[in-house]
Amino acid sequence: VARRLSLKKHPECHSMAGGKAIEHLAQSGNQELLTFRLPMQHYRNCDFSFSGLQNLVNNAILQKEKEEGIQEGEILSCVKDVAAAVQHAVAVHIIQRTYRAMLFCIKNSILPSKYATLVVSGGVASNQYIRKGLQNLADANDFALLCPPPRLCTDNGVMIAWNGIERLRAGLGVLGSADGIRYEPR
């Protein structure tokens, strides 16, 4: 979304990563000026997906660009409102799906009845709006919430790649050839 909104060109966000830029702009935006349908509402599971939301956001941005008569790559006058609405929709989706997972774990006695803990890490855990929503969810369900400090909440993809580098260097679990390996999507 940050890339689609060209936030690298925004004077307040030019040196920020995309998620941080969305969070920064959302603080002064009005999340109620745009409403996005939440993804996967008809699925009764704990999966997350943001592709449907991304399509809705892209279409909304395109519509706003047409309304404002600007080209893709220019900054919308309502960019803060778009950021706020997107951040809110993402937070609600994460909170709803996490709540489902918590209920599933409780119902199936997967977690201890006392001292149940929700751990959130990765880039999403650095967003204070999402973190606050998850804290409220944890509090309402007698869970502890553990999150690393925001400076340590980096992109999980980077951490996975780094782990791969370390394993390659150590020769642990790394195949020399992909011959004979069968894999299937999903």
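As a basis for the values below, the full set of heavy atoms in this structure was taken, side chains included, without hydrogen atoms, waters or symmetry mates. Positions are given from 1, in the same order as the sequence printed here. Bear in mind that the values here come from a model prediction, so they are computed numbers and not experimental data.
Side-chain contact between Leu146 and Val120: absent, with no pair of heavy atoms (C-beta onward) separated by less than 4.5 Å. Residues Glu68 and Ser77 form a side-chain contact, since some pair of their non-hydrogen atoms from C-beta on lies under 4.5 Å apart. In this structure the side chain of Met16 never reaches within 4.5 angstrom of the side chain of Lys8, judged on heavy atoms. Using a 4.5 Å heavy-atom threshold, the side chains of Val79 and Leu7 count as touching. Contact annotation: the side chain of Lys9 never approaches that of Glu74 to less than 4.5 Å [non-hydrogen atoms, C-beta and beyond]. In this structure the side chain of Asn45 never reaches within 4.5 angstrom of the side chain of Phe104, judged on heavy atoms. Using a 4.5 Å heavy-atom cutoff, the side chains of Ile94 and Leu134 are in contact. Proximity of Gln71 to Glu65: side-chain heavy atoms (C-beta onward) are nowhere separated by under 4.5 Å.
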From CA spacing to verdict: side chain to side chain contact (heavy atoms under 4.5 Å, CB included), Ile106, Phe143:
CA-CA 11 Å; Ile106 291 166; Phe143 274 62; 3.8 Å; yes
Could you check Gln27 against Gln128 for side chain to side chain contact (heavy atoms under 4.5 Å, CB included), going step by step and ending with a plain yes or no?
CA-CA 10 Å; Gln27 290 173 350; Gln128 294 303 305; over 6 Å; no
Is there a side chain to side chain contact (heavy atoms under 4.5 Å, CB included) between Cys78 and Leu33 once you walk through the steps?
CA-CA 9 Å; Cys78 61; Leu33 291 183; over 6 Å; no
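For the atom pair SG (Cys46) and CZ (Arg100), the distance works out to 7.0 Å, reported to the nearest 0.5 Å. Separating the CZ atom in Arg37 from the NE2 atom in His93 is a distance of 12.5 Å, to the nearest 0.5 Å. Atom CG of residue Asp139 and atom CG of residue Leu145 lie 8.0 Å apart, to the nearest 0.5 angstrom. Between the CE atom of Met102 and the CD1 atom of Ile95 there is a distance of 10.5 Å, given to the nearest 0.5 Å. Asn141 CG to Leu103 CG: the interatomic distance, rounded to the nearest 0.5 Å, is 6.5 Å. Rounding to the nearest 0.5 Å gives a distance of 10.5 Å between NZ of Lys20 and SG of Cys13.
In summary, Arg131 and Glu23 do not engage in a salt bridge, as defined by a charged side-chain N under 4.0 Å from a carboxylate O.
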Without placing hydrogens or testing angles, list every side-chain donor-acceptor pair under 3.5 Å for residues 53-62, not counting sequence neighbours.
residue	atom	partner	partner atom	Å
Asn58	ND2	Gln54	O	3.4
Asn59	ND2	Asn55	O	3.3

Check residues 82-89 and write down every donor-acceptor pair under 3.5 Å in which the side-chain atom is one partner and the other belongs to a residue at least two apart or another chain.
residue	atom	partner	partner atom	Å
Gln87	OE1	Asn127	ND2	2.9
His88	ND1	Gln31	NE2	3.4
His88	ND1	Tyr129	OH	2.6

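Using a 4.5 Å cut-off between side-chain heavy atoms of Ile, Leu, Val, Met, Phe, Trp and Tyr, with links allowed through other members, Leu38 and Leu137 fall into different hydrophobic clusters. Under the 4.5 Å side-chain heavy-atom criterion for Ile, Leu, Val, Met, Phe, Trp and Tyr, Val90 and Val92 are members of distinct hydrophobic clusters.
Minimum interatomic distance between Pro150 and Ser126 (heavy atoms only, all atoms of both residues): O-CB, 4.0 Å. Across Pro148 and Cys153, no two heavy atoms sit closer than the pair O-SG, 3.4 Å.
Around NZ of Lys132, the count of heavy atoms belonging to other residues, nucleotides or ligands within 6.0 Å does not exceed 12.
Between the side chain of Arg97 and the main chain of Phe48, no donor-acceptor pair closer than 3.5 Å is present.
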